[in-house]
There are 2 protein chains.
Amino acid sequence: MIDSRLRILQMVAEHGTVTAAAQALHYTPSAVSYQLRQLAAEAGVELVAHQGRGIRLTNAAHILLRHAERVQEQWELTRAELAALGSEPTGQVTLCGFSTAASRLLPPAAAGLRDAHPHLTVRIIEAEPDRCFDLLLSEEADLALLVVTADSPPMTDRRFDQQPLLDDPLDLVVPQGHPLSWRRRVTLADAAGEPWIVGHPGTTYHQLVLAACMSAGFTPHIAHHADEWATGTALVAHGFGVILVPRLAQLGQESPVTRIPLRGEPAPARRIMSVTRLGAREIPTLTQAVDTITATAARLLPKPDGG
Amino acid sequence: MIDSRLRILQMVAEHGTVTAAAQALHYTPSAVSYQLRQLAAEAGVELVAHQGRGIRLTNAAHILLRHAERVQEQWELTRAELAALGSEPTGQVTLCGFSTAASRLLPPAAAGLRDAHPHLTVRIIEAEPDRCFDLLLSEEADLALLVVTADSPPMTDRRFDQQPLLDDPLDLVVPQGHPLSWRRRVTLADAAGEPWIVGHPGTTYHQLVLAACMSAGFTPHIAHHADEWATGTALVAHGFGVILVPRLAQLGQESPVTRIPLRGEPAPARRIMSVTRLGAREIPTLTQAVDTITATAARLLPKPDGG
DNA sequence: CTGACCGTTCAAACTATTTGCATGATTGAC
DNA sequence: GTCAATCATGCAAATAGTTTGAACGGTCAG
């Protein structure tokens, strides 16, 4: 509903370059360039200034960006009004989230929606947090579950409504028989000297582990890279190091490892957020989805006793 | 800039039928129908209900209409911001108005704008008041000069900013030597018994004359129809009746007629309004245009002495 | 029951957008 | 300095989206 040219401008502002914006939108740079030109003509102002081999957005562009935010918000309010108008929710709602969310939290919520509203089409997209924000902006998705990363927009970003959903505690996974597995109380710092297995640089998992270790006061010795839980677990089982897994993540039973809840103040955890476009949270369908997700999470993470 | 589908919905709301909306937009009914369907799908709601051989807009459609108004207003504010950003006004500005305005008020204003801002393209469209509102909505025009008619949107219509510009006094035109031409003081009621020459039914001029006569307390005897001043004047000169002409209208010198300023409380006049989309009046270019038009009007209608 | 209107549908004509490639400009590495 | 890499843009061709025109079914007034 929001003008596609404004969306493109938002992406350019977000990603800094025409090329990156094009990538996020599944467009080619030519298309983005062309549309920016159109928008500039329509508004009767210059939008971009060339700077080096890239571009810089002008003052006028920032005015248009503020406009886009307001229109976006207004549109979400209207959507909510329409949805509240009664009658069965119709059309399509799309939930997106990173791997663990997509596999454990979203399906129950999606199924609940589907069963409650026969005329509603429910879609799920598994995507990394960065991409989730793009999906929200482009209205390809309506609700996103994601872990905060260094690349996340700030909480104050007026395009999004970001609410903490739950704190997913982190467990340390060590080989069976590892000295730490006998300890009554293990903190992250206790594993500071271990060789670590983390995701590839740039992945959310990589950032997560590094951030957790950093806030525990040490920099991990990274011995191996593995992006999938199964791979990491297997490496641990064979004594290549230790990994950190969020409580929500399910590990296969194949590898003989010990999973140890970490203690600490605060206990190491990853914060999972539910994110909508600003104003969209009031849409009944989404409210219901968030409720279901909260309930699911409570079931999967029974009582966080002790801390 | 505003979504073309919302514009179409506005037109349908305004004109009541798909066909009429299509006409106003220079579209075919098919296109309007198709776009309404698209909009409904995008919003996930029903927009039209069939009623008899026409349609009726649903509740949801009215919510969307309110949305359209708000977005429209927001866009105009943004335009004003952009325009105020400094730098020379660029792009295009279009003024529209009914015949007299188009010939006597708009050209000086347009010329002023053109000379003041070399990079600005100025256009003029001559159009009946009804059409002027459509032109504003579709952003084909930015400022309209028009006479209030029975079909005008109410002053409270949140899509427009309607400001009184001037009152154009009405003159009675009678054949030379006509008894009324010797009177020191003539009111409209004095011509109640004359045969009248008016525009064709439905024209602004027709409405104007009837409204004036009605507020003077009589219904004119309509003897002839003529839409052009020259035709009407010629008919008057040949003794077929009398006509009413606004002071701004220039009559050719070919026909021997007498033009008598009408008295009364209030003096018969047509009220000329300057209309913009709501929020657009602050755009410097338009402000300047209105100023020039006011000045031109003051020059053309020197001092309304006496009443 | 007939003619006038109205809204919708469908394939075809038409527009506008998007792509793919070529180009010029800038940056950083060697 | 040279060279490869990165970036934005321009243009013709491909593609997707919109608009048209003609046909149809429903509704209303005479």
Side-chain angles (χ1 to χ4, degrees), chain A residues 1-43 45-58 60-62 64-65 68 92 134 137-140 202, chain B residues 1-43 45-58 60-62 64-65 91-92 134 137-140 202:
Chain A
M1 163 61 61
I2 186 166
D3 190 295
S4 71
R5 295 185 170 105
L6 286 180
R7 270 217 308 260
I8 288 176
L9 181 62
Q10 285 186 313
M11 284 302 177
V12 171
E14 175 102 359
H15 292 91
T17 70
V18 169
T19 305
Q23 229 157 22
L25 290 159
H26 305 304
Y27 279 8
T28 56
S30 315
V32 171
S33 181
Y34 174 79
Q35 296 284 30
L36 280 183
R37 177 167 301 283
Q38 295 280 317
L39 182 59
E42 193 165 353
V45 292
E46 301 279 317
L47 290 182
V48 299
H50 287 252
Q51 187 160 54
R53 56 184 164 186
I55 55 166
R56 185 176 54 77
L57 292 184
T58 65
H62 288 291
L64 276 181
L65 284 170
Q92 183 171 287
D134 290 344
L137 276 184
S138 63
E139 296 192 25
E140 287 174 84
Chain B
M1 164 60 62
I2 187 165
D3 190 296
S4 72
R5 295 184 170 106
L6 285 179
R7 270 217 307 259
I8 288 175
L9 180 62
Q10 284 187 314
M11 284 303 177
V12 172
E14 175 102 358
H15 292 90
T17 70
V18 169
T19 307
Q23 231 156 21
L25 289 160
H26 305 305
Y27 279 7
T28 57
S30 322
V32 171
S33 181
Y34 173 79
Q35 296 282 30
L36 280 183
R37 177 167 301 282
Q38 294 278 319
L39 182 58
E42 193 165 352
V45 292
E46 301 279 316
L47 289 182
V48 299
H50 288 253
Q51 186 157 52
R53 54 183 164 185
I55 56 167
R56 183 178 54 76
L57 291 183
T58 64
H62 289 290
L64 275 182
L65 285 170
Q92 185 170 283
D134 290 344
L137 276 185
S138 62
E139 297 192 24
E140 288 173 81

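A note on names: the letters A, B, ... follow the listed sequences, proteins ahead of strands, and every chain is numbered from 1.
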*Nearest heavy-atom pair of B/Arg5 and B/Asp3: which atoms, and what distance?*
N-OD1, 2.7 Å

_Atom of B/Leu9, atom of B/Ala61 and distance for their closest heavy-atom approach_ = CD2-O, 3.8 Å

Atom [atom1] of [X] and atom [atom2] of [N]: how far apart are they, to the nearest Å?
X	N	atom1	atom2	result
A/Arg53	D/dA5	CZ	C1'	7 Å
B/His50	C/dC6	NE2	P	14 Å
B/Gln23	C/dC5	CD	C1'	12 Å
A/His15	D/dA8	NE2	C1'	17 Å
B/Arg5	D/dT18	CZ	C1'	9 Å
A/Leu36	D/dC7	CG	C1'	14 Å
A/Tyr34	C/dT17	OH	P	5 Å
B/Gln38	D/dG17	CD	P	9 Å

*Shortest side-chain distance from A/Ile55, nucleotide among D/dG26, C/dT18, D/dA8*: D/dA8

*In terms of side-chain heavy atoms of B/Ser30, which of C/dC10, C/dT19, D/dT9 is nearest?*
C/dC10

*Could you tell me whether the phosphate oxygens of C/dC5, OP1 or OP2, come under 4.0 Å of any side-chain nitrogen or oxygen in B/Thr19?*
no

_Is there a side-chain contact between A/Arg37 and the phosphate of D/dA8, meaning an N or O under 4.0 Å from OP1 or OP2?_
no

_Between A/Ser33 and A/Pro29 (side chain of the first, backbone of the second, donor and acceptor by atom type, cut-off under 3.5 Å), is there such a pair?_
no

_Tell me if a side-chain donor or acceptor on A/Glu46 pairs with a main-chain N or O of A/Thr58 at a distance below 3.5 Å._
no

*May I ask you to say what A/Thr28 touches in the nucleic acid, namely base, sugar-phosphate or nothing, with a heavy-atom cut-off under 4.0 Å?*
base

